[in-house]
Amino acid sequence: PRRQRGSRAMVGSPFFSLMCVGVGLVPPLAGALVASPMRMVMTQPPKKKTERVVAQWSPSSWRNFPIYQDVAYPDKGQLEATERELAGCAPLVFAGEVRTLQESLAKATLGDGFVLMGGDCAESFSEFSVNNVRDTFRVILQMALTMTYGGGQPIVKIGRMAGQFAKPRSSDVETRGDVTLPAYRGDNINSEDFTVEGRTPDPDRMLKAYHQCAQTLNILRAFAVGGYADISRLHAWNLDFMERTKEGSMYRSLAWKIDESLRFMRAIGIDTTRDEVAATNFYTAHECLLLPYEQGLTRQDSTTGRWYDCSAHMLWVGERTRQPGCAHFEFVRGISNPIGVKISDKATPDDVLHILETLNPQNTPGRLSLITRMGADKIREKLPPLVEAVRDSGRAALWISDPVHGNTFKTDTGYKTRSYDAIKDELIGFFDVHAQLGTHAGGVHLELTGQEVTECVGGDRDFEVTVDDLNKRYITHCDPRLNARQALSLAFEIAESMRERQGLQRLTEHTQLFNGAPYY
């Protein structure tokens, strides 16, 4: 029996999670969820940095701090009842998995590895299906395989899945004509329906989101360790609509080369059915935004005494909520999960150093990732001072590029979209800056889907999405996502950047033919 597979890093079933409770993950006292001071809601940033006013951390200590992006639930009694129910639910992930992820992130921080984070901008209740989860999972597998083979580095695979519901908003309200209602904040808070009932925040949506996350994790675990991710099946990972595309042809060419390597390994007696080949580690992450939900799933590990947010393996704090001295910063300060912090072009070296000192005071590699989102036109100017400051301070940080959020614009027809060329340019700029400064470009964070959507403009000339194409399959619930062709094309760009820095020949220097489609 392959006992090791059950211990790999994709465990999401409620049954398995119940076992996790029995081996050391226990919920905080339910009373801590409700017996807390009134929260202060921040609508404008503080003019000066605020120092922590609560030295002793607890899962509920964030309630003593000013909070951005707070949700105004009209029924406080219903909210408290939901929080108590979440506190009694099984954890979605296990502390041991979180520690395994941090070990991989620590290696990447020190230059041995690259992080691939990808998935939906915002998950929804209506679009949830096994097929959608599978298609996003296999696009990530294709991208990881391309980067592993091309770049010669282990790829840490993290899905923006099983929890990426809530979204920050620039305004608390939305107005259509003469009607003003609360803004849509994600399916775990309210509905997209522009009605009073739909837009009223409902705490029970947190419970519905929890149960969907458990299902998503079950599906991902089955794919990751149940044979679907077996590298010998790499030809089956190609999506049907990718078959006749340039990216599909490039992937097939790569797959044939890997097939030949596997045949050679088997011929010389290497076992290619081992877990390293037949299964994969796959982790989940989402933005730490809806703090009542995050607190409800925070558990203390009885073996170490440390607190873990068991809603995901990794969490990140966004640009709108990363202010030191405020609620979200306070919450992530005390959990032992790996943490990411979004860094825009507005951040100063002092800001970044303060983040590192506060969230990673022990300077532990793998604890903190800095996820840059600056825009193609600013990355080469704004990123170097930050990287230099961190490098010179000796602080451990994993640098990850988010090249999508800084390159969003609205078309004349009202569609919010992103330019593939600008995304690629920011990504190349990210690699260039790190190459010039002698630091490690450690990862990429993308909003993508395995569906054949038309939400981001650009891409391969034979299948380019134009502004006029946006209305064909623009189905996102929030921001525009890269489709599978565009995402895989970026994976080849990343692999080429890795090879260039190692002095290796480009993957795409010669042409091969597969099924009549050229490999460029």
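A salt bridge is absent between D172 and R169: the closest approach of a Lys/Arg side-chain nitrogen to an acidic carboxylate oxygen does not fall below 4.0 angstrom. Looking at D402 and K342, a side-chain N of the basic residue comes within less than 4.0 Å of a carboxylate O on the acidic one, giving a salt bridge. Between D202 and K208, none of the side-chain N atoms (NZ, or NE/NH1/NH2) sits under 4.0 Å from a carboxylate O, so this pair counts as no salt bridge. With respect to E455 and R481, a salt bridge is recorded, a charged nitrogen being found less than 4.0 Å from a carboxylate O. Note on D377 versus K382: no salt bridge recorded, every NZ/NE/NH1/NH2 to OD/OE distance being 4.0 Å or above. Using a 4.0 Å cut-off between a side-chain N of Lys or Arg and a carboxylate O of Asp or Glu, R333 and E330 qualify as a salt bridge. The existence of a salt bridge linking R199 and E174 is confirmed by a sub-4.0 Å separation between a basic side-chain nitrogen and an acidic carboxylate oxygen.
Without hydrogens or angle criteria, R205 side chain to P201 main chain gives no donor-acceptor distance under 3.5 Å. In this structure a side-chain-to-backbone donor-acceptor pair under 3.5 Å is missing from Y210 to Y293. Although no hydrogens or angles enter the test, the distance criterion places a donor-acceptor pair under 3.5 Å between the side chain of Q486 and the main chain of N483. A donor-acceptor pair under 3.5 Å is absent between the side-chain atoms of T439 and the main chain of A435, judged by distance alone. At least one donor-acceptor pair under 3.5 Å links the side chain of Q164 to the backbone N or O of C121. Although no hydrogens or angles enter the test, the distance criterion places no donor-acceptor pair under 3.5 Å between the side chain of T476 and the main chain of P480. Distance alone, capped at 3.5 Å, places no donor-acceptor pair between the R322 side chain and the V341 backbone. A donor-acceptor distance shorter than 3.5 angstrom exists from the side chain of D351 to the backbone of T348, with no hydrogens or angles considered. N190 places a side-chain N or O within donor-acceptor distance of the main-chain N or O of R185, the cut-off being under 3.5 Å. For R367 (side chain) and N337 (main-chain N/O), a donor-acceptor pair under 3.5 Å exists by modelled atom type.
Looking at T449 and D135, their side chains never come closer than 4.5 Å, going by heavy atoms from C-beta outward. Within the 4.5 Å cutoff, side-chain heavy atoms of K424 are placed close to those of L490. Counting heavy atoms from C-beta outward, L446 and M143 have side chains that approach closer than 4.5 Å. With contacts defined as side-chain heavy-atom distances shorter than 4.5 Å, the pair L105/P338 qualifies. Between F329 and T358 the shortest side-chain heavy-atom distance falls below 4.5 Å. In this structure, L116 and I158 have side chains that are not in contact, with every pair of non-hydrogen atoms separated by 4.5 Å or more. A heavy-atom distance below 4.5 Å is not found between the side chains of F128 and N132. Using a 4.5 Å heavy-atom cutoff, the side chains of S126 and H477 are in contact.
Partners of S171 by side-chain contact (heavy atoms from CB on, under 4.5 Å), not counting sequence neighbours, listed by chain and number: V173.
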Original post:
Between D425 and R380, does a salt bridge (charged side-chain N to carboxylate O under 4.0 Å, His left out) hold up when you go through it step by step?
Top reply: CA-CA 10 Å; D425 187 34; R380 293 170 177 84; 3.0 Å; yes
Original post:
Could you go step by step and tell me if R473 and Q451 meet the side-chain contact (heavy atoms from CB on, under 4.5 Å) rule?
Top reply: CA-CA 9 Å; R473 281 190 57 78; Q451 300 178 68; 3.9 Å; yes
Original post:
What's the verdict on side-chain contact (heavy atoms from CB on, under 4.5 Å) for Q436 and F431, showing C-alpha distance, side-chain angles and the deciding distance?
Top reply: CA-CA 9 Å; Q436 292 162 8; F431 274 97; over 6 Å; no
**OP:** Start with the C-alpha distance between S104 and Y283, add both sets of side-chain angles, then the distance that settles side chain to side chain donor-acceptor pair (under 3.5 Å), and finish with yes or no.
**Re:** CA-CA 11 Å; S104 296; Y283 305 93; 4.5 Å; no
Original post:
Could you go step by step and tell me if N407 and E426 meet the side chain to side chain donor-acceptor pair (under 3.5 Å) rule?
Top reply: CA-CA 9 Å; N407 295 297; E426 177 164 352; 2.9 Å; yes
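Annotation: the span from T109 atom OG1 to Q102 atom CD amounts to 9.0 Å, rounded to 0.5 Å. Distance check, rounded to the nearest 0.5 Å: CG of L383 to CG of D432 gives 11.0 Å. With rounding to the nearest 0.5 angstrom, the CG atom of L398 is 4.0 Å from the OG atom of S369. The OH atom of Y73 sits 9.0 Å away from atom CG of D70, with the distance rounded to the nearest 0.5 Å. The line from CG of L315 to OH of Y308 is 13.5 Å long, rounded to the nearest 0.5 Å. Atom CG of D178 is separated from atom OG1 of T180 by 8.5 Å, given to the nearest 0.5 angstrom.
With ring centers used as reference points, H440 lies 6.0 Å or more from W399. Taking the six-membered ring for Trp, W316 and H445 have ring centres closer than 6.0 Å. Checked against the 6.0 Å centroid criterion, the rings of F165 and F125 qualify as a close aromatic pair.
Of all heavy-atom pairs spanning F65 and C326, the tightest one is CB-C, 3.8 Å. What you find for F282 and A224 is that their closest heavy atoms are CB-CB, 4.3 Å. Closest non-hydrogen pair, V457 versus V467, comes out as CG1-N, 4.0 Å. Shortest non-hydrogen contact noted between S401 and L427 is OG-CD1, 3.7 Å. The two residues H313 and L101 make their nearest non-hydrogen contact at CB-CD2, 3.7 Å. The minimum heavy-atom distance between C288 and V332, with the atom names listed, is SG-CG1, 3.9 Å.
Of the residues L289, D204, L290, V71, the one that meets the side chain to side chain contact (heavy atoms under 4.5 Å, CB included) test with N188 is L290. Under the salt bridge (charged side-chain N to carboxylate O under 4.0 Å, His left out) rule, R160 has a single partner from E447, E123, E287, which is E447.
Side-chain contact of N131 with R134: a donor-acceptor pair under 3.5 Å is present, judged by distance alone. When only modelled atom types and interatomic distance are considered, K157 and T280 share a side-chain donor-acceptor pair under 3.5 Å. Side-chain atoms of D468 and T466 form no donor-acceptor pair, as typed in the model, at a separation below 3.5 Å. For R418 and T408, the side-chain atoms include at least one donor-acceptor pair closer than 3.5 Å. Under 3.5 Å, the side chains of E294 and S311 contain a donor-acceptor pair of N or O atoms.
Relative orientation of the F137 and F223 rings is parallel, given thresholds of 30° and 60° on the angle between their planes.
A cation-pi arrangement is present between R176 and F194, with the terminal nitrogen or guanidinium carbon under 6.0 Å from the aromatic centre and inside a 45° cone about the axis.
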Please tabulate, for the side chains in residues 144-155, all donor-acceptor contacts under 3.5 angstrom to protein atoms that are two or more places apart in sequence or on a different chain.
residue, atom, partner, partner atom, Å
T146, OG1, Q142, O, 2.9
T148, OG1, A144, O, 2.7
Q153, NE2, G111, O, 3.0

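For Q502, the CD atom is densely surrounded, since the number of other residues' heavy atoms within 6.0 Å is greater than 12.
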